[in-house]
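Shown next, in structure tokens, is the structure this report addresses.
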Amino acid sequence: VLLNFDLFCEGRWPYFDSMQRATSSPRLPIQLPGIELAPRREVEIAIPSSPPTSNVTTPSSKSHPAIVVAGVLGLWYLFNLLTVVGNKYIIQILHFRFPLTLTAIHMACCAVGSWILLRVLKLQPFQPVSWNQFIWKIMPVATCYCVNIALSNVSLKWIPVSFMQTIKSSVPAFNVIGQVVFLRQRFSTALYWTLVPVVGGVWLASYTEVNFDMMGFLAAVLSSVFTAAMAI
């Protein structure tokens, strides 16, 4: 023990030599004095390759986006029809001569229904927005939608539903005009020609309409303009 202690103090302890050799050659293990290590053997490990992917899809993985989109569009047309016919029934049959109040009730029902879908049923994830986004991005679209519904209800006070919907078919024409004027977009000549039957059909329906009323006609046209602005 004393001899090892002396060698340790002088820096000639046998463990130092083995540690220096191990440091200079990382591949050599530390050799302790008096202990023989077994020869180093290389072991090959076979790593199994990943199994081939199967092209067979399970029935649960199949999705039908076309059916879902068709169903949503069908429901949208159905509820849109029920809304327009219901508003006409309220204004003409029930003699409720306050289309703006009817629009306010409509907006309140939309707010309550949206809250139920987002907060209660959670059909869509709720996305919080800042006041800046709310004022500059959401408010313009919401204003156009509200004015659109209000003018549609005002037009139903003087003209029938069929005539109002015929006028609303001019929305694509106003949409193209708005994109050309405000967004500086350019379209092909063929697209402009497709708008001729639309505008001509609205003009023909307006010219031959038995229950034509100028106030109802102007309200429906302005409603189409705000619908196009909402889309833009």
Side-chain angles (χ1 to χ4, degrees), residues 64-121 123-124 138-178 194-232:
H64 303 281
I67 298 178
V68 175
V69 172
V72 172
L73 288 177
L75 290 175
W76 182 82
Y77 275 106
L78 176 62
F79 285 113
N80 187 27
L81 178 63
L82 293 176
T83 301
V84 175
V85 175
N87 290 342
K88 183 64 176 180
Y89 178 81
I90 293 173
I91 293 174
Q92 186 173 1
I93 304 301
L94 300 181
H95 303 287
F96 187 80
R97 302 298 181 181
F98 307 99
L100 298 182
T101 303
L102 184 62
T103 303
I105 298 174
H106 186 169
M107 295 296 103
C109 292
C110 289
V112 173
S114 300
W115 183 84
I116 293 175
L117 292 177
L118 294 175
R119 292 295 192 176
V120 180
L121 301 179
L123 296 181
Q124 290 291 334
I138 297 178
M139 281 299 296
V141 179
T143 302
C144 291
Y145 179 77
C146 182
V147 175
N148 165 39
I149 299 299
L151 291 175
S152 298
N153 292 335
V154 170
S155 66
L156 290 177
K157 188 176 181 180
W158 290 288
I159 60 177
V161 175
S162 58
F163 186 38
M164 189 268 288
Q165 291 296 324
T166 303
I167 299 173
K168 292 294 290 288
S169 64
S170 62
V171 171
F174 290 112
N175 197 334
V176 171
I177 294 173
T194 57
L195 298 177
V196 174
V198 176
V199 178
V202 173
W203 176 83
L204 184 62
S206 303
Y207 183 76
T208 59
E209 176 61 36
V210 177
N211 298 319
F212 180 83
D213 186 89
M214 182 57 68
M215 292 295 297
F217 173 78
L218 293 177
V221 170
L222 289 176
S223 175
S224 302
V225 172
F226 278 97
T227 303
M230 180 178 60
I232 295 174

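Note that the numbering runs from 1 along the sequence shown for the chain. These figures come from a predicted structure and were not determined experimentally. Computed from heavy atoms alone, side chains included, the values below leave out hydrogens, waters and symmetry copies.
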Exercise. Any side-chain heavy atom of Gln92 within less than 4.5 Å of one from Pro160?
Worked result: no

Exercise. Where does the angle between the aromatic ring planes of Phe96 and Phe98 fall among parallel (under 30°), tilted (30 to 60°) and perpendicular (over 60°)?
Worked result: perpendicular

Exercise. How are the rings of Phe217 and Phe212 set to each other: parallel, tilted or perpendicular (split at 30° and 60°)?
Worked result: tilted

Nearest heavy-atom pair of [X] and [Y]: which atoms, and what distance?
X      : Y      : value
Gly216 : Ser155 : O-CB, 3.4 Å
Ala150 : Leu100 : CB-CD2, 3.9 Å
Thr103 : Cys146 : CG2-O, 4.0 Å
Ser169 : Val198 : O-CG1, 3.2 Å
Lys168 : Ala220 : CD-O, 4.0 Å
Val171 : Ala228 : O-CB, 3.9 Å

Exercise. Step by step, would you call Trp158 with Met214 a side chain to side chain contact (heavy atoms under 4.5 Å, CB included)?
Worked result: CA-CA 9 Å; Trp158 290 288; Met214 182 57 68; over 6 Å; no

For this session: Test side chain to side chain contact (heavy atoms under 4.5 Å, CB included) on Leu102 and His106 and set out the steps.
Result: CA-CA 6 Å; Leu102 184 62; His106 186 169; 5.9 Å; no

Under 3.5 Å, is there a donor-acceptor pair between the side chain of [X] and the main chain of [Y]?
X      : Y      : value
Lys88  : Ile159 : yes
Asn148 : Cys144 : no
Ser114 : Cys110 : yes

Problem set entry | Residue Phe174 excluded, over 12 heavy atoms near CZ under 6.0 Å | yes

For this session: Apply the test side chain to side chain contact (heavy atoms under 4.5 Å, CB included) to residues Val84 and Met164: give CA-CA distance (whole Å), side-chain angles for both, the deciding distance (0.1 Å), then the verdict.
Result: CA-CA 10 Å; Val84 175; Met164 189 268 288; 3.7 Å; yes

Measure the spacing between [atom1] of [X] and [atom2] of [Y] and express it to the nearest 0.5 Å.
X      : Y      : atom1 : atom2 : answer
Phe163 : Thr208 : CZ    : OG1   : 8.5 Å
Leu82  : Asn87  : CG    : CG    : 10.5 Å
Ile177 : Leu195 : CD1   : CG    : 8.0 Å
Ile167 : Ser206 : CD1   : OG    : 5.0 Å
Thr227 : Ile232 : OG1   : CD1   : 11.0 Å
Leu151 : Leu156 : CG    : CG    : 11.0 Å

Exercise. With sequence neighbours excluded, what pairs up with Ser170 under the side chain to side chain donor-acceptor pair (under 3.5 Å) test?
Worked result: none

Problem set entry | Partners passing side chain to side chain donor-acceptor pair (under 3.5 Å) against Gln165 (at least two apart in sequence or in another chain) | none

